[in-house]
Asks: 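Have a look at the structure that comes next, please.
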Amino acid sequence: MDFRKAPSSDLFDEILVMTPIYQHFLALEFTIKEINEDPQILPNLTLGFHIYNSYFSASWTYHASLELFSAQDEFIPNYNCDIQNRIIAVIGGPTIEVCLHTATILSLYKVPQREICFAFTAKFPAMTYFNSFDELIREAVEIYKVAMTSTANVVIVHGEMDDMILLRFFPLISQFEKMPVWRKSRVWVLTAQMEFTSLPLLKAVKIDFLHGALSFAIHTEEVLGFHEFLQMKNPTLAKKDSFIKVFWENAFECSFPNSMTSEEDRVTCTGQEKLETLPTSIFEMRMTSQSYNVYNAVYVVAHALGDLFASVLNYRAGKHVTELNLRKQKLWELNHLMRRISFNNSAGGKVSFNQNGELETGFNIINWITFPNQSFQRVKVGRLDPRNPRKKCSPLLRNLLCGQAYLTR
């Protein structure tokens with residue numbers, strides 16, 4: 001494998017598209033646009049962004065991390081004289097593994113990076129782009145047998161969003177193992193990182209095993225304008241969005257002319273299809289917790305950068321000095337400034353960090369309601385607030401979490 005150039009599509013038998021994740025990209029684009037249009041946050045500066053694919057692989061994550069310190073379109077680490085494309089910060093995710101792998105490289109450059117008695121325990125197999133699919137399914141079958149034959153009334157799943165894909169295979173496995181995936185007396189509890197995601201081949205697989213499940217989610221506020229921003233997306237007009245056509249074809253099961261993934265039996269994409277007509281298992285119109293994290297992370301970087309330049313720039317000297325200082329400024333100082341950041345975002349949510357540099361936020365307790373059309377609704381039934389210890393947990397939830405089962409990575 002040659003790491004001196006971009007990966008060839010020949011390496012992969014098929015492009016696997018997780019359509020729900022596309023909202024994270026749009027949240028990033030929306031936030032950058034919102035900040036650049038606000039002259040009060042970063043006057044005389046314009047933020048941009050690049051998106052890198054980790055392929056759920058440590059080696060490609062390291063490669064992408066080194067690309068950040070190379071000239072644009074050239075993989076030459078430590079050589080970057082392009083002031084307009086200088087890296088300011090990295091927003092890692094969506095899994096912990098990606099953050100850990102990028103941190104190995106980023107820590108060398110001091111680049112700011114933003115990122116809780118059982119009947120049984122079982123460990124999910126590590127999922128990467130290069131895994132044997134058959135091997136993953138075999139391991140998922142074994143976990144399924146252990147979970148379904150257990151007498152546990154509560155199954156706590158501690159994992160990441162890619163582990164949700166393995167859970168999505170459970171209904172299929174149940175058909176072959178003749179063991180129902182859903183039981184009236186059993187409750188599934190999911191951690192906050194397990195945002196719903198899926199693959200196109202699972203589009204028709206029922207999601208009713210999630211009905212009645214409880215999960216934690218980062219507390220969010222409604223971001224005004226995001227819904228309208230999504231409604232305006234059109235693949236025929238988005239010239240700079242290299243993801244939208246691939247997403248569009250997989251979400252709406254259509255093909256664009258001259259598409260690399262074109263299928264003969266598919267209808268032609270018109271670009272007039274509406275995102276709001278998709279079931280929520282394919283795409284959500286409401287900003288998810290993970291997308292809200294992206295939204296806040298960008299604002300944290302912008303406010304820290306604004307504070308940094310407010311302390312060093314001589315505004316009377318004009319734009320030339322601004323650009324000069326941007327090249328010479330020690331951007332690792334952003335790490336210190338980020339810890340002191342405290343502001344209300346445009347949605348009215350307070351963003352601040354404690355003395356350990358951890359985001360001070362609460363968790364919503366969510367009850368999942370599924371529907372026959374492959375849609376679901378997250379209903380808020382409670383909240384855990386670390387800033388209000390007396391209301392950390394309801395008696396009902398405390399009793400529930402004294403369960404008997406635990407699935408972990």
Asks: Can you name the residues that form a salt bridge (charged side-chain N to carboxylate O under 4.0 Å, His left out) with E221, not counting sequence neighbours?
Replies: none
Asks: In Å, rounded to the nearest 0.5 Å, how long is the span from CD1 of I41 to CG of L47?
Replies: 9.0 Å
Asks: Are the side chains of L26 and F229 in contact, using a 4.5 Å heavy-atom criterion?
Replies: yes
Asks: If the condition is ring-ring contact (aromatic ring centres under 6.0 Å, His included), which residues does F252 pass it with, not counting sequence neighbours?
Replies: W248
Asks: Which is it for M338 and V301 under the side-chain contact (heavy atoms from CB on, under 4.5 Å) test, yes or no, and what are the steps along the way?
Replies: CA-CA 7 Å; M338 284 181 182; V301 172; 3.6 Å; yes
Asks: Okay, side chain of R339, backbone of F353: is any donor-acceptor separation there less than 3.5 Å?
Replies: no
Asks: Atom OG of S242 and atom CD1 of I51: how far apart are they, to the nearest 0.5 Å?
Replies: 7.5 Å
Asks: Under the side-chain contact (heavy atoms from CB on, under 4.5 Å) test, which residues partner S291, sequence neighbours left out?
Replies: Q23, H24, A27, M287, T288
Asks: List the steps, then state whether side-chain contact (heavy atoms from CB on, under 4.5 Å) holds for L230 with H227.
Replies: CA-CA 5 Å; L230 297 182; H227 187 274; 5.8 Å; no
Asks: Can you list everything that forms a salt bridge (charged side-chain N to carboxylate O under 4.0 Å, His left out) with K274? Sequence neighbours excluded, please.
Replies: none
Asks: I want to know whether F226 and Y295 have ring centres closer than 6.0 Å.
Replies: no
Asks: Would you please name every residue forming a ring-ring contact (aromatic ring centres under 6.0 Å, His included) with Y292, sequence neighbours left out?
Replies: none
Asks: For S289, which residues count as a side-chain contact (heavy atoms from CB on, under 4.5 Å) partner, sequence neighbours excluded?
Replies: A217, I218, T220
Asks: Quick one: does N345's side chain have a donor or acceptor within less than 3.5 Å of a partner on G349's backbone?
Replies: yes
Asks: Measure from the side-chain N and O atoms of R266 to the backbone N and O of E249, and report whether any donor-acceptor pair falls under 3.5 Å.
Replies: yes
Asks: I'd like to check the side-chain hydrogen bond (donor to acceptor under 3.5 Å, both in side chains) partners of K233; sequence neighbours left out, ordered by chain and number.
Replies: E29
Asks: According to salt bridge (charged side-chain N to carboxylate O under 4.0 Å, His left out), who are the partners of K380, at least two apart in sequence or on a separate chain?
Replies: none
Asks: Sequence neighbours excluded, which residues qualify as ring-ring contact (aromatic ring centres under 6.0 Å, His included) partners of F376?
Replies: F196, W368
Asks: Would you indicate whether the side-chain heavy atoms of I32 and V298 approach each other to under 4.5 Å?
Replies: yes
Asks: So do the side chains of W188 and L210 get within less than 4.5 Å of each other, counting heavy atoms only?
Replies: no
Asks: Locate the shortest heavy-atom distance separating L275 from F283; write the atom from each residue and the value.
Replies: CD1-CE2, 4.0 Å
Asks: Would you confirm whether N234, through its side chain, and T236, through its main-chain N or O, come within 3.5 Å as a donor-acceptor pair?
Replies: yes
Asks: Give a yes or no on whether the backbone of N250 and the side-chain of K203 come within a donor-acceptor separation of less than 3.5 Å.
Replies: yes
Asks: For N36, what residues pass the side-chain hydrogen bond (donor to acceptor under 3.5 Å, both in side chains) criterion, not counting sequence neighbours?
Replies: none
Asks: Are E222 and R286 within salt-bridge range, i.e. N to O under 4.0 Å?
Replies: no
Asks: Taking T268's backbone N and O only, do any of them form a donor-acceptor pair with S255's side chain (distance below 3.5 Å, no angle check)?
Replies: no
Asks: Quick check: does any side chain N or O of E273 sit under 3.5 Å from a backbone N or O of T270, one acting as donor and the other as acceptor?
Replies: yes
Asks: State, without any angle test, whether Y22 and D241 hold a side-chain donor-acceptor pair at a distance under 3.5 Å.
Replies: yes
Asks: Is the closest side-chain heavy-atom distance between Y299 and I341 below 4.5 Å?
Replies: no
Asks: Sequence neighbours left out, what passes salt bridge (charged side-chain N to carboxylate O under 4.0 Å, His left out) with E34? Give chain and number order.
Replies: none
Asks: Heavy atoms, side chains only, cut-off 4.5 Å: are V205 and R168 in contact?
Replies: yes
Asks: Can you sort out the partners of F371 under ring-ring contact (aromatic ring centres under 6.0 Å, His included), two or more places apart, ordered by chain and number?
Replies: none
Asks: Whether the side chain of D208 engages the backbone of T370 through a donor-acceptor N/O pair (distance < 3.5 Å, no angle test) should be reported.
Replies: no
Asks: Look only at the side chain of Q374 and the backbone of T280, and say whether a donor-acceptor pair between them is shorter than 3.5 Å.
Replies: no
